[in-house]
Protein chains: 2
Amino acid sequence: MAGIKDVAAHAGVSVATVSRVLNGHSGVREDTRARVLAAVSALRYRPNALARSLRTDQTRTLGLVISDVLNPFFTELARAVEDAARSRGYSVIIGNADEQVALQDHHVRTLLDRRIDGLLVSPAEGDSVALREAAVSGIPMVFVDRWIEGLDVPLIRADGRGAVRELVAHLYALGHRRIAIITGPVASTTSNERVRAFRSALCEFGLPLPEHYIGQGDFQTASGRQAAEAFFTLPEPPEAVFATDNLMALGVMDQLRTLGLRVPEDVALAAFDDIPWFLHTDPPITAIAQPTQELGHRAVAALTDLVEWGSPRTPSGEGCAGSVTLSAHLIARRSCGEDERTRR
Amino acid sequence: MAGIKDVAAHAGVSVATVSRVLNGHSGVREDTRARVLAAVSALRYRPNALARSLRTDQTRTLGLVISDVLNPFFTELARAVEDAARSRGYSVIIGNADEQVALQDHHVRTLLDRRIDGLLVSPAEGDSVALREAAVSGIPMVFVDRWIEGLDVPLIRADGRGAVRELVAHLYALGHRRIAIITGPVASTTSNERVRAFRSALCEFGLPLPEHYIGQGDFQTASGRQAAEAFFTLPEPPEAVFATDNLMALGVMDQLRTLGLRVPEDVALAAFDDIPWFLHTDPPITAIAQPTQELGHRAVAALTDLVEWGSPRTPSGEGCAGSVTLSAHLIARRSCGEDERTRR
DNA sequence: GGTGCCCGTGGAATCGATTACATCGCACAT
DNA sequence: ATGTGCGATGTAATCGATTCCACGGGCACC
């Protein structure tokens, strides 16, 4: 493959000059520039990004580590991140952690070895040595959606507490009193927030949350199935189930189907994270929607600010400097029962 | 950040020795090795992958360019590819072309600039200069699922013709006679194959395929919606619709819903590509399933063979050397109507 | 006509690794 | 005692770019 030297030779100039025209530096005579450009296309020359990055110490590449690509929420997020990054002249390398800290750390280290300019992470649950090291190493880094307590890293997320309260109100209005929840991994920040908001909303309505109405999940489909199975072997099963992510909601539906239970007649179902398919399930599923696109865009904005300015440009009220909190909202459909709002 | 020189200095050896222990070369005394390793962890040294790749001319990285990340078929494929690659010691960089040739070419060029070792592509429809150039440039390359005619590149795919015939038989058995299809982009190889198989199966059953029963789509949700809209303003609308991918099927359902049409009572619906949500739609959707995981694994196997051996190791019967053809199969659910097999 | 300056260009160091080749010391055979 | 060979290690070239600095020539000004 042709290198810069070949181009220089072909154009009868030095490599320095070739480099100058390629990088749009001024101070190159017009005819020289033309000759160089001609040589470039004659040889189909493309600069070696590795060599360039080695020298300039920047890759114009962002790393994105997400916990599960198969989760539509994250793939939509990844898509938004990629778009935003590209429009700013960055590429994105995605690592899929599959909810495993070990895999996540593997990706973080690989990305760092490649000298990415910045790191965007939605950390899996658990103690991540690689992330702690990265955070103190000073590499530009921001969390999206999920975060790790105690690290001084900006966080871009949607606050779901208001929407969870709305959801509980909605369920209450429809007459449900025995309401269960399926959580994410125990130490998951997002799951915990959702559970806390849920608990306090129930409390507000004077409803209990017995231990056996808390299903321990892990944000994966199978755990939703298991939790549902447990609920419906209870002497007094719940009237409504709230799954704290969409994959677990899918698992619940799977299980309900094999149990022969109907939604919403036999049990109401709601999920955190809205996805296009929820419109077409039987019945359409009530869900809490996050502003996924905006999350992705804001995250990239925050990260590139960090990369290019060395510090967040957007001041923040609470939390770590540069953090942004948007809000989620409830989309009521038919899976919790009908009321004036949802009846068509 | 610490470099190999710092490690060498700290351990009191030369950089060559450090490099030797890091790469597991023999001929280093045990105590020296220990000192180096100690220095490595004392300084938290991590080798610079850019420098290493520049020198060795290999990145142990594969590029994957897919046409749409938001399509569950491709995200599942990407996931399988990443797994297979990782287990062979490669990383994967994913580029999302969003069905646009320009974007696809952008990604191909970016990946090539980064000197990836091999390229896996599921090309979008249209004439891709970058892909043609890549193919002749001799970089290891394989197509998955979709391909470009006339390029001598191994192809890993599933043959859907048998399954399409099965589907038509299924529809026929359920009494449907006016059957419509929604195609992908005109020049799409996969779409064309599906359409051809569909047409010949209809013919086999003595059914016509009038022009107005062919909806021109582009593998995206919106086009499914539009095609359905066109079908149902026809004086004699179809009794069954076959969408050649899952996103367009989603669009059809959207449109059917706004039209107030029921599936399968008013119209039957089937899709190419099975996804987990099809089990839970209203009604569950009959679909043709591809062995997605295996497609991904085989593709990586073929590509790494090419990278490491310089030529395909697996001989192939037909088509380009190294090509693999698996087969898809029909999964009958309730969206086309009930028969003994699907009635529960 | 000499001095100084700017413009366009080339030479060479540099980024951080790998690796061919040189070197050194030591044991062993002659 | 000296040559030989081998094992362990160091020196320096190299990959392909960027960029600092130097150089030469033309022009303006004194």
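Sequence lines set the chain letters: A, B, ... in the order given, protein chains first and strands last, and positions in each chain run from 1. Both backbone and side-chain heavy atoms feed into the values below; hydrogens, waters and symmetry mates do not.
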Problem set entry | Residues which pass side-chain hydrogen bond (donor to acceptor under 3.5 Å, both in side chains) with A:N71, listed by chain and number, not counting sequence neighbours | A:D245, A:N246
Exercise. Just checking, any donor-acceptor pair under 3.5 angstrom between side chains of A:S53 and A:R60?
Worked result: no
Problem set entry | Partners passing salt bridge (Lys or Arg N to Asp or Glu O under 4.0 Å) against B:D127 (at least two apart in sequence or in another chain) | B:R132
Exercise. Taking only residues two or more places apart in sequence, or in another chain, which ones meet B:E82 in a salt bridge (Lys or Arg N to Asp or Glu O under 4.0 Å)?
Worked result: B:R86
Exercise. Quick one: A:Q58 CD to D:dT18 P, roughly how many Å, whole number?
Worked result: 11 Å
Exercise. Could you run down nucleotides 15-26 of chain C 5' to 3' and tag each one B, S or - for protein heavy-atom contact under 4.0 Å?
Worked result: BBBBB-------
Exercise. Are there more than 12 heavy atoms of other residues, nucleotides or ligands under 6.0 Å from atom CG of A:D152?
Worked result: no
Seminar exercise, completed: residues 90-101 of chain A vs salt bridge (charged side-chain N to carboxylate O under 4.0 Å, His left out), sequence neighbours excluded, gives A:D98-B:R79, A:E99-A:R146
Seminar exercise, completed: OG1 of B:T189 to CH2 of B:W147, rounded to nearest 0.5 Å, is 4.0 Å
For this session: Apply salt bridge (charged side-chain N to carboxylate O under 4.0 Å, His left out) to A:D145 and A:R157, showing your working.
Result: CA-CA 4 Å; A:D145 184 51; A:R157 61 182 287 264; over 6 Å; no
Problem set entry | Sorted by number, the residues of residues 26-34 of chain A with heavy-atom contact under 4.0 Å to DNA chain C | A:G27, A:V28, A:R29, A:T32
Seminar exercise, completed: Contacts of A:T292 meeting side-chain hydrogen bond (donor to acceptor under 3.5 Å, both in side chains) (sequence neighbours excluded), chain-then-number -> none
Problem set entry | Helix axis bend for the helix from C:dG1-D:dC30 to C:dT30-D:dA1 - C1'-based end axes, five pairs, 10° rounding | 70°
Distances under 3.5 Å only, N/O to N/O: pair up the protein atoms with those of nucleotides 24-28 of chain D.
none

Problem set entry | For B:R52, side-chain hydrogen bond (donor to acceptor under 3.5 Å, both in side chains) partners two or more places apart | B:N23
Problem set entry | By salt bridge (Lys or Arg N to Asp or Glu O under 4.0 Å) - contacts of B:D6 (at least two apart) | none
Exercise. Got a sec, which residues hit salt bridge (Lys or Arg N to Asp or Glu O under 4.0 Å) with B:R298, two or more places apart in sequence or on another chain?
Worked result: B:E294
